[in-house]
Each structure stands twice: as structure tokens, then as C-alpha cells.
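Notes follow the structure.
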Amino acid sequence: MKRIADADRDDARILWDFNVLKQPVRPCSAALVLGGCDIGVAATTADLYRAGLFPTVVFSGGIMPATRARFPRGEAVHFRETAISLGVPEEVALLEPHATNTGENISFGRKVLTGGGTAVRSVLLISMPYMQRRAYATCRKQWPGVDLVCASQPVPFDDYAKAQDDEAEFIAMMMGDTHRVMEYPHRGFAIEQEVPEHVRDAFERLRKRGYDTWLLPG
């Protein structure tokens, strides 16, 4: 595994603070759970359901190369099963097992939520912490009329980083999400958001140190 220098962690913490939106959670019409590599998202979903923040939830995410070994039947299937084991009733836990990116998570998940004619005025978007800003920007583009709240496991950077199997890979993945926040508005996939200079500087320093495996090509 790559050795993590203190300077790497300092810059990664800057990206974390930018990407974690820290929005106050509140009751919503429904929840939409984005797949990924962190099964803790399912546990967070169960906590939020028990808190009475939504009556129904759709788990979105297909079989992905990066997570196939961990979730061989698809991210949404495993996330849903974990949430049910933690108390979310099967009948309110809907499944969207085909999405292969964040845009599809939103668009496919929206179809599942609204397909039965249900009026969805607000959505609690549940994801990995460092995916919040990207998820927010994508949902604002894909579903502009919905009232949106982002939620994740409430954990500080240092605790989350220490819990990862490969901290360098975690930082590289967060670099990938940050890159997409900066680049996807130009490609029509997300809304534009201000990226402060100190965040761009931290991003470039980490890029030069080799945390570039999840960046967009070109």
C-alpha cells in the first residue's frame, strides 16, 4: 500500500471538508440511496429510517467492476439486504439494480420512486460522505424540481480514513469525485458549483503526488 504522508492527509482533509455538505437532515417524501464501496451507507439509511425521516427508500446501483468482489450481486442488492437486516421493512425498501454511475442513480431511482404515481416533493439523498457534493450537483441537474437534502454517516475525516482498507485508494476516489464536481458541469452532467482556490490547490498537490487513478481521462 502507498505510504500516506501527513501532507497528503492535510490536503485530503481539505477535499473532505469541501465535499461533505453538512446539511441538517429533515423529513422527506422519500430517500434515494446511492451505491458505492461503503456498506456503511446502508447502516446510515437504517438509522435515518428509524428516526422517521422518510417512509420509503430506493437503493440504486448495479454490478460494478470496482465493487464486484465485495458486492457480487450488485451494490443496491447488498445495501438493501443490509438495511433490511438493520430494521428497514422490506415493503418500503425498493430496488434499482441497473445504475452504473451517479447520473443513472438519480434518473433510474427517480423512475422507481415516481413510477407508481407517488408525488415526491422532497428527497433525502444518502451516499458516502465525500460523495455528497457530486451527488447534490448531479441531482440538481437531473431532478431540478425536487427539494433535496444530502445525508451520510456523521463521521469526521480522520475516523473515516482510518476505517478504510486502503487509505490511499480512498483519497484517490475522493479525488475522482472532486474532479467530477469541477468537470461535469461543462459536460452537462451536473450544475456548476464554486470550487475555492484552496480546494483546487489541494487537488493539484495530490494529483502531483500520484492520487490520480480515479480522475477523468484527458
Side-chain angles (χ1 to χ4, degrees), residues 19-20 25 28-51 53-118 120 122-143 146 148-155 160 163-165 169-170 173-174 176-177 180 184 189-190 214:
N19 284 295
V20 180
V25 295
C28 290
S29 304
L32 174 55
V33 178
L34 308 188
C37 61
D38 183 1
I39 197 65
V41 174
T44 298
T45 302
D47 290 342
L48 295 170
Y49 177 79
R50 288 194 298 269
L53 292 175
F54 53 86
T56 188
V57 54
V58 59
F59 294 86
S60 175
I63 299 174
M64 302 293 293
T67 57
R68 183 189 299 269
R70 186 174 299 182
F71 307 126
R73 290 175 293 120
E75 295 167 356
V77 170
H78 288 268
F79 280 34
R80 179 178 182 271
E81 289 177 351
T82 298
I84 289 170
S85 75
L86 295 172
V88 177
E90 287 189 47
E91 62 271 19
V92 309
L94 309 178
L95 182 65
E96 188 294 294
H98 304 297
T100 60
N101 56 58
T102 305
E104 290 181 351
N105 286 142
I106 304 299
S107 60
F108 295 177
R110 176 183 181 178
K111 289 178 181 177
V112 172
L113 284 172
T114 61
T118 302
V120 179
S122 57
V123 167
L124 191 64
L125 199 61
I126 307 173
S127 69
M128 297 179 293
Y130 61 87
M131 194 180 177
Q132 280 192 16
R133 186 173 292 275
R134 175 186 173 190
Y136 174 86
T138 305
C139 192
R140 276 278 166 261
K141 185 71 175 183
Q142 295 276 352
W143 199 352
V146 77
L148 177 62
V149 182
C150 294
S152 296
Q153 177 186 2
V155 59
Y160 194 88
Q164 304 309 301
D165 295 334
E169 181 73 356
F170 151 60
M173 292 178 73
M174 185 162 57
D177 276 77
R180 285 157 178 80
Y184 272 0
F189 300 152
W214 287 86

Search all heavy atoms of Ala46 against all heavy atoms of Ala83 and return the closest pair with its distance. CB-O, 4.2 Å

My understanding is that only residues two or more places apart in sequence, or in another chain, count here; which of them pass side chain to side chain contact (heavy atoms under 4.5 Å, CB included) with Met173? Cys37, Tyr130, Glu169, Trp214

Do any N or O atoms from the side chain of Ser122 and from the backbone of Ser29 form a donor-acceptor pair under 3.5 angstrom? yes

Taking only residues two or more places apart in sequence, or in another chain, which ones meet Thr45 in a side chain to side chain donor-acceptor pair (under 3.5 Å)? none

With sequence neighbours left out, write down each residue that passes side chain to side chain donor-acceptor pair (under 3.5 Å) with Thr114, or none if nothing qualifies. none

What pairs with Arg133 under side chain to side chain contact (heavy atoms under 4.5 Å, CB included), at least two apart in sequence or on another chain? Phe18, Asn19, Leu21, Val181, Gln193

Test of understanding: with side chain to side chain contact (heavy atoms under 4.5 Å, CB included), list the residues that count as partners of Ala31, not counting sequence neighbours. Phe54, Val57, Leu124, Ile126

Residues pairing under salt bridge (Lys or Arg N to Asp or Glu O under 4.0 Å) where one sits in residues 56-74, two or more places apart or in two chains, turn out to be Arg70-Asp165, Arg73-Glu81

Any donor-acceptor pair under 3.5 Å from Thr44 side chain to Ser152 backbone: no

For Phe108, check ring-ring contact (aromatic ring centres under 6.0 Å, His included) against everything at least two apart and list the hits. none

With sequence neighbours left out, which residue pairs that include part of residues 92-112 fulfil the salt bridge (Lys or Arg N to Asp or Glu O under 4.0 Å) condition? none

For Cys139 versus Leu125, what's the shortest heavy-atom pair and its separation? CB-CD2, 4.0 Å

Side-chain (Glu75) to main-chain (Gly36) donor-acceptor, under 3.5 angstrom: yes

By salt bridge (Lys or Arg N to Asp or Glu O under 4.0 Å), which residues pair with Arg50, not counting sequence neighbours? Asp47

Could you tell me which residues satisfy side chain to side chain contact (heavy atoms under 4.5 Å, CB included) with Arg80, sequence neighbours excluded, listed by chain and number? Phe59, Ile84, Glu90, Ala93, Leu95

Identify, with sequence neighbours excluded, every residue that meets side chain to side chain donor-acceptor pair (under 3.5 Å) alongside Thr82. none

What pairs with Phe189 under ring-ring contact (aromatic ring centres under 6.0 Å, His included), at least two apart in sequence or on another chain? Tyr184

